[in-house]
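Order of listing sets the numbers, starting from 1, for every ligand and every atom in it.
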Amino acid sequence: MDLDVFTLFPEWFDWFVAQRHVRNVLDAGTRLRAVDLREHTPLRGGRVDDTPFGGGAGMVIRVDVVDSALQAHYGTDPVTLRSSRRVIALSPSGRLFDDALAAELADEPALTILCGRYEGFDERIIEHFVTDTVSIGRYVLSGGELAAMVLCDAVLRKLPGALGHSESAVEESFSDALDGNPEYPHYTRPASYRGWPVPEVLLSGDHGRIRRWRTERSAARGAGARPADGVGPPSAP
Ligand code: 6GU
């Protein structure tokens, strides 16, 4: 996969790409580049934003700035670029990111991710250059960079080479293997700690029973059930 992240803070991604699980995917042939939105700005002083027409608080990323950045990077008109690759604008008002969207994006040969700052993007960027707007949750971040890392992390770990064991991503939370439910609980040694025992079934060696227990726990979590002791986090509505 070929991943380009357009951002005002490309150096933030140095940390991200240095992480082991990201390195593994990059070593297996995926490319991730952080591109500085300021690098090709047509405005003086590296300016990228402006005040909103109609007034109001905050600044807006300019359409000519994003046009120049995409044009310079790809050597093609961004209006046509989006017919050949997925161009995603990160915005708190976008489509909610989930495992299904992560899987969908992991199947793409190439992704372009635009990180907003300030109040967001001039709407013409969304209308003419972008294929998707994506949000990672119903809260507002100061910019799209952390959201881009969340998205990249969730997508990259689905690619070959990301995980130590190729099966680890198949039966994880929200996957088809678990009918879209959260993952079942895990336990490891010691088998009893401070009087807290591990569920007996997991020590039974009966793989059929273990499988049924896990499917059941996963489905119960999906239904928002409390843990059996009733002292866990409150159940979902
Ligand atoms: Cl994608 N961007 C910003 N700025 N805030 C967010 C978000 C994205 N997703 C949730 N909050």
Residues Asp122, Arg62; criterion salt bridge (Lys or Arg N to Asp or Glu O under 4.0 Å); working and verdict:
CA-CA 6 Å; Asp122 184 301; Arg62 286 175 53 133; over 6 Å; no

Quick one, Met149 with Gln19, criterion side chain to side chain contact (heavy atoms under 4.5 Å, CB included). Give me CA distance, side-chain angles, the key distance, then yes/no.
CA-CA 11 Å; Met149 289 184 215; Gln19 304 312 306; over 6 Å; no

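For residues 122-161, the set of pairs meeting the ring-ring contact (aromatic ring centres under 6.0 Å, His included) definition, not counting sequence neighbours, is empty.
For His207, the NE2 atom counts as loosely surrounded, since its 6.0 Å shell holds 12 or fewer non-hydrogen atoms of other residues, nucleotides or ligands. Around CZ of Arg209, the count of heavy atoms belonging to other residues, nucleotides or ligands within 6.0 Å exceeds 12.
Counting heavy atoms from C-beta on, the side chains of Met59 and Thr51 come closer than 4.5 Å.
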List, for ligand 1, each N/O atom that has a protein N/O partner under 3.5 Å away, with both atom names and the distance.
residue  : atom   : partner : partner atom : Å
ligand 1 : 4 (N)  : Leu141  : O            : 3.1
ligand 1 : 5 (N)  : Leu141  : N            : 3.0
ligand 1 : 9 (N)  : Ser135  : OG           : 3.4
ligand 1 : 9 (N)  : Ile136  : N            : 2.9
ligand 1 : 11 (N) : Tyr139  : O            : 2.5

